[in-house]
Structure formats: structure tokens, C-alpha cells
**Student:** 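Pasting in a structure now, in C-alpha cells, and then I'll have a few things to ask.
Count residues from 1 along the sequence.
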Amino acid sequence: MLTSSPSSITEQTSLFALSATNSLLAIAVYVVLVIALWRVFTKAGYAGWLAIIPLVNVVYLTKIAGSSGWFALLYLVPIVGFVFHIIVSLRVGRAFGHGWFFSLVLLVVFHVIGYLILGFSGDKYRAERLS
């Protein structure tokens, strides 16, 4: 008989431990990302605490990329949101003086590492690089 729920107490315990571990890992990654975005926001001239609020940080990230904050609504459309995320990442990388390869690999794929590099390196934000 196939069941979708765990049948013994050890299976239930291991599932609970796995979900708790995943939750702690997700919180740790989010805290590191907030720290990185805090530094990026302050370099760009915005208040760093805006990085803490999940949807607000996307709005200000699009502003750093040189777009209107209203374009953050495009993140809500499934396929358009992914494409717009790539565009925003390329433009944020360019604003900090990096090329497309850095932006594509470190700001799209490994975004936590990429934003840590942008935040804690000596790179300067210059909005005139976006034009």
C-alpha cells in the first residue's frame, strides 16, 4: 500500500529535521543577501534599511538599474519577470562598472555572491554609466 504520509515516527522526525534545516539555511541566505543589498543601496545613495523589506528592495534595485520603480511590477509576471531580472542585473552590474559576464554569472545565477562583491568591493556606483 502506497501512502504519501510517513508511516513511522523516525520518518516523521527526519522530515521535520530536514524542513527545519532547510528553513534555517533559507533564513541565513536571506540575512546575507540583506547585508549585501544594504551595502549596495548605501553605495547607490539610498537608505540601507530598505534592503530588509522583501518587495521594497526589488523596487529600489530597479531604481538603481536606472528604471522607474513601477517596473518592479514586471517581476510578478512569470516569464517577463525572469527576463526583466536579467536586464536589471545587467544594468546594475554596468552601473558599478562591471561587464555582462560578471552580471550574468554573479548577479543572476549566484546573486548572493555577486551582491556581496558589489557591496564590499571598492566599486563606485555611477548612474551615468547607464546611459
Side-chain angles (χ1 to χ4, degrees):
M1 178 174 167
L2 296 175
T3 61
S4 61
S5 63
S7 59
S8 70
I9 190 70
T10 56
E11 290 177 11
Q12 292 174 359
T13 306
S14 62
L15 282 177
F16 177 73
L18 181 63
S19 68
T21 304
N22 285 341
S23 298
L24 288 176
L25 183 63
I27 290 171
V29 168
Y30 181 72
V31 167
V32 171
L33 183 62
V34 164
I35 292 169
L37 284 177
W38 189 301
R39 295 279 303 193
V40 170
F41 285 2
T42 55
K43 279 185 172 185
Y46 294 104
W49 62 268
L50 294 169
I52 298 172
I53 308 166
L55 295 176
V56 174
N57 62 16
V58 173
V59 171
Y60 281 93
L61 202 57
T62 57
K63 286 185 177 185
I64 290 172
S67 301
S68 171
W70 287 102
F71 281 114
L73 291 175
L74 292 176
Y75 274 96
L76 300 176
V77 181
I79 295 172
V80 176
F82 179 72
V83 172
F84 189 66
H85 173 66
I86 293 172
I87 293 169
V88 166
S89 298
L90 290 173
R91 291 179 59 87
V92 167
R94 186 184 318 150
F96 279 95
H98 293 282
W100 66 271
F101 186 75
F102 174 89
S103 300
L104 195 63
V105 172
L106 288 177
L107 295 181
V108 174
V109 180
F110 302 109
H111 59 280
V112 175
I113 297 169
Y115 285 114
L116 280 171
I117 291 172
L118 287 183
F120 288 98
S121 68
D123 300 334
K124 303 287 183 200
Y125 173 77
R126 292 196 178 97
E128 61 268 5
R129 291 180 181 152
L130 295 173
S131 55

**Student:** Would you call Val80 and Val83 a side-chain contact if the rule is heavy atoms closer than 4.5 Å?
**Tutor:** no
**Student:** Any pair with a residue in residues 24-44 that passes side chain to side chain donor-acceptor pair (under 3.5 Å), sequence neighbours left out, goes on the list, sorted by first then second residue, please.
**Tutor:** none
**Student:** Linking Ile, Leu, Val, Met, Phe, Trp and Tyr through side-chain heavy atoms less than 4.5 Å apart, which residues share a cluster with Leu25?
**Tutor:** none
**Student:** Which pairs, with at least one residue in residues 44-72 and sequence neighbours excluded, count as a ring-ring contact (aromatic ring centres under 6.0 Å, His included)?
**Tutor:** Tyr46-Tyr60
**Student:** For Phe41 and Asn57, run side-chain contact (heavy atoms from CB on, under 4.5 Å): C-alpha distance rounded to whole Å, both residues' side-chain angles, the deciding distance at 0.1 Å, then the answer.
**Tutor:** CA-CA 9 Å; Phe41 285 2; Asn57 62 16; 4.0 Å; yes
**Student:** Quick one: are Leu118 and Leu107 in side-chain contact, heavy atoms under 4.5 Å?
**Tutor:** yes
**Student:** Would you name the heavy atoms of Thr62 and Gly69 that are closest together and state the gap between them?
**Tutor:** OG1-CA, 3.8 Å
**Student:** Let me check something: any side-chain donor-acceptor pairs from residues 85-95 under 3.5 Å, sequence neighbours excluded? List them with distances.
**Tutor:**
residue, atom, partner, partner atom, Å
Ser89, OG, His85, O, 2.9
Arg91, NE, Ala65, O, 2.7
Arg91, NH2, Ala65, O, 3.1

**Student:** Restricting to pairs with a member in residues 86-106, which pass ring-ring contact (aromatic ring centres under 6.0 Å, His included), not counting sequence neighbours?
**Tutor:** Phe96-Tyr125, His98-Phe102
**Student:** Could you list the cluster mates of Ile79? Members are the ILVMFWY residues connected by side-chain heavy atoms closer than 4.5 Å, either directly or through other members.
**Tutor:** none
**Student:** Counting N and O atoms only, with roles assigned by atom type, does the side chain of Ser67 sit under 3.5 Å from a partner on the main chain of Lys63, one being a donor and the other an acceptor?
**Tutor:** no
**Student:** Would you please name every residue forming a side chain to side chain contact (heavy atoms under 4.5 Å, CB included) with Ile35, sequence neighbours left out?
**Tutor:** Val31, Phe120
**Student:** Verify the cluster assignment for Val112 and Leu37: are they in a single hydrophobic cluster under the rule of side-chain heavy atoms below 4.5 Å apart?
**Tutor:** yes
**Student:** Partners of Ser121 by side-chain hydrogen bond (donor to acceptor under 3.5 Å, both in side chains), sequence neighbours excluded?
**Tutor:** Asp123
**Student:** Can you see which heavy atom on Arg129 is nearest to which on Lys124, and at what distance?
**Tutor:** NH1-O, 3.1 Å
